[in-house]
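Input: a single structure, listed below in structure tokens.
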Amino acid sequence: MHEPNVVSWTSLMSGYVNMGRPQSVSWLYTKMSESEVSPNGFTLATVINSCSILADLKTGKMVHAHVHILGLQGNLVVCSSLVDMYGKCNDVDGARMVFDSMSCWNIVSWTAMIAGYAQNGKGYEALEVFREFSSYIMERPNHFMLASVINACAALGRLVSGKVTHGAVIRGGYELNEVVASALVDMYAKCGSFLYSKKVFRRIRNPSFIPYTSMIVGAAKYGLGKLSLKLFEEMTDRKVMPNDVTFVGILHACSHSGLVDEGLGLLNSMHEKHGVMPDVRHYTCVVDMLSRVGRLDEAHKLAKSTRVNPNEGALLWGALLSSSRLHGRVDIAVEASKWLIEYNQQVAGAYVTLSNTYTLAGEWENAHSLRTEMELVGVHKEPGCSWIEIKDSIYVFYAGDLSCERGDEVISLLRELERRMMERGCVGGSTGLVFVDVEQEVKEKIVGLHSERLALAFGLISIPKGVTIRVMKNLRICSDCHEAFKLISMIVERDFVVRDVNRFHHFKDGSCTCKDFW
DNA sequence: ATAGGGTTAG
């Protein structure tokens with residue numbers, strides 16, 4: 001063309017986006033800026049879209065400035081693409097700023113905002129925006145919006161909201177939409193209803209690799225590794241091609257169900273049989289798989305030979321670290337935590353796990369000095385929490401704290417469960433520790449000492465099968481008792497089961513602090 | 001010539 005106009009430029013850019021080459025768009029945009037032709041809203045929306053795909057926030061912000069220079073801040077399509085771009089670049093606040101600055105909205109802009117929150121793990125905000133949409137806008141949500149809302153419910157583990165949204169899907173007639181169905185499969189699995197996942201999945205006609213992947217991951221989370229393998233087999237039999245994520249899912253499943261040979265076989269067949277090149281995520285699963293079953297040297301070797309950036313390495317070395325602790329491999333734990341701390345990844349967790357590894361190995365002084373170092377450096381480990389939704393209330397449980405709403409009921413239910421376990425031959429104590437398969441004498445000793453809220457005697461207690469347990473001296477139960485009991489459970493976990501560690505939070509001993517454990 | 005949805009490792 002002698003004189004390409006704005007439509008020619010934009011068409012070319014759009015063509016590159018459609019052909020999966022968004023990288024070329026910013027180059028074209030630069031070229032265009034050097035020409036006489038000035039971009040319009042169509043051009044900017046296309047360029048911004050390419051930034052979304054590439055998650056290129058820097059270019060995206062630059063183009064955002066051009067939006068203002070060209071006076072296009074009132075253009076609905078341009079603004080919606082900006083909301084989407086900021087969301088895809090993990091800048092939800094940026095997305096919200098654009099969204100709030102808009103003078104009119106349509107279902108696309110609302111969906112972009114909801115999806116932005118949902119994709120960034122901000123399920124609560126996503127549902128809040130959806131609620132606002134539902135109350136102000138006299139328009140039914142479409143399948144795009146519903147998929148994002150279901151995604152938000154999944155992230156929050158909100159089964160009831162998820163079911164309500166499923167109702168909206170049925171009313172809207174979107175049941176047969178595969179994207180919506182995939183979101184539902186994933187949501188039900190994450191919300192504790194794998195049975196519903198299966199039901200929704202089986203209604204999908206010719207499921208693609210994405211619903212299959214959701215099911216494989218879902219089954220894995222429920223400990224059904226064999227089912228994950230069966231689903232994988234089913235999909236390949238039906239000539240549905242697995243992608244990289246499918247392999248992350250299936251290796252994750254093998255890892256969590258101890259299916260090591262199957263997992264290794266899949267890793268080796270990935271490339272030649274399915275055309276998917278294994279990357280760091282797959283090796284992370286395999287490192288985890290090998291190390292969980294105690295094949296730490298192989299896992300270690302694989303970890304060292306995998307090139308990673310800090311973010312990827314956090315997961316790979318984190319997996320190795322946690323298994324090193326589990327199997328008492330101080331040498332590997334030291335190396336793994338060194339890596340994590342050096343690259344500033346999960347520092348507090350790395351300190352705690354390494355310290356616990358020392359403890360498991362009986363290296364009390366190393367454990368102690370690490371705790372001191374943590375305090376010196378000012379590293380603090382935030383306690384984790386879980387939550388469950390019952391009817392329309394959400395109950396949150398922090399590690400070591402049962403002073404939550406209806407905590408008393410929780411405690412009495414736990415006691416009832418414990419009583420039933422005892423009836424079935426599991427052994428327990430009134431203090432809440434439940435031991436399985438342990439000699440009566442040992443049990444009494446531990447339970448007895450514990451119930452007096454005193455130190456567990458230092459030394460070695462022999463238990464049958466030639467296993468020894470180390471128990472610490474002067475271990476007092478104090479306000480930070482969760483740590484203490486985590487420690488106990490860690491020491492003994494291979495030999496008997498300690499449950500219900502959190503219950504001891506009520507035993508407070510003002511005279512000691514966390515430091516006294518060590 | 002332009003904007004929105006589902007799967008992902010400790």
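Throughout, a chain's letter reflects where its sequence line sits, starting with A, and its residues are numbered from 1. As a basis for the values below, the full set of heavy atoms in this structure was taken, side chains included, without hydrogen atoms, waters or symmetry mates.
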Margin query: So if I define the base as every atom that isn't primed, P, OP1 or OP2, how would nucleotides 4-10 of chain B read as a B/S/- string at a heavy-atom cutoff under 4.0 Å?
Written below: BBBBBBB
My understanding is that only residues two or more places apart in sequence, or in another chain, count here; which of them pass side-chain hydrogen bond (donor to acceptor under 3.5 Å, both in side chains) with [X]?
| X | result |
| --- | --- |
| A:R96 | A:D100, A:Y117 |
| A:Y29 | A:H66 |
| A:D244 | A:R281 |
| A:H143 | none |

Note to self: Between A:S81 and B:dT2, is there a contact of a side-chain N or O with OP1 or OP2 at under 4.0 Å?
What the structure shows: no
Checklist line | Ion pair A:E233/A:K230, N-O distance below 4.0 Å | finding: no
Who are the side-chain contact (heavy atoms from CB on, under 4.5 Å) partners of [X], not counting sequence neighbours?
| X | value |
| --- | --- |
| A:F144 | A:T111, A:N142 |
| A:N49 | A:V17, A:S52, A:I53 |
| A:K61 | A:L57, A:Y86, A:D91 |

Next item on the list: Figure out the CE/P separation between A:M85 and B:dT2, and round it to whole Å.
Entry: 19 Å
Next item on the list: For DNA chain B, determine which residues of residues 16-47 of chain A have any heavy atom closer than 4.0 angstrom to one of its atoms, and list them numerically.
Entry: A:N40, A:G41, A:F42, A:A45, A:T46
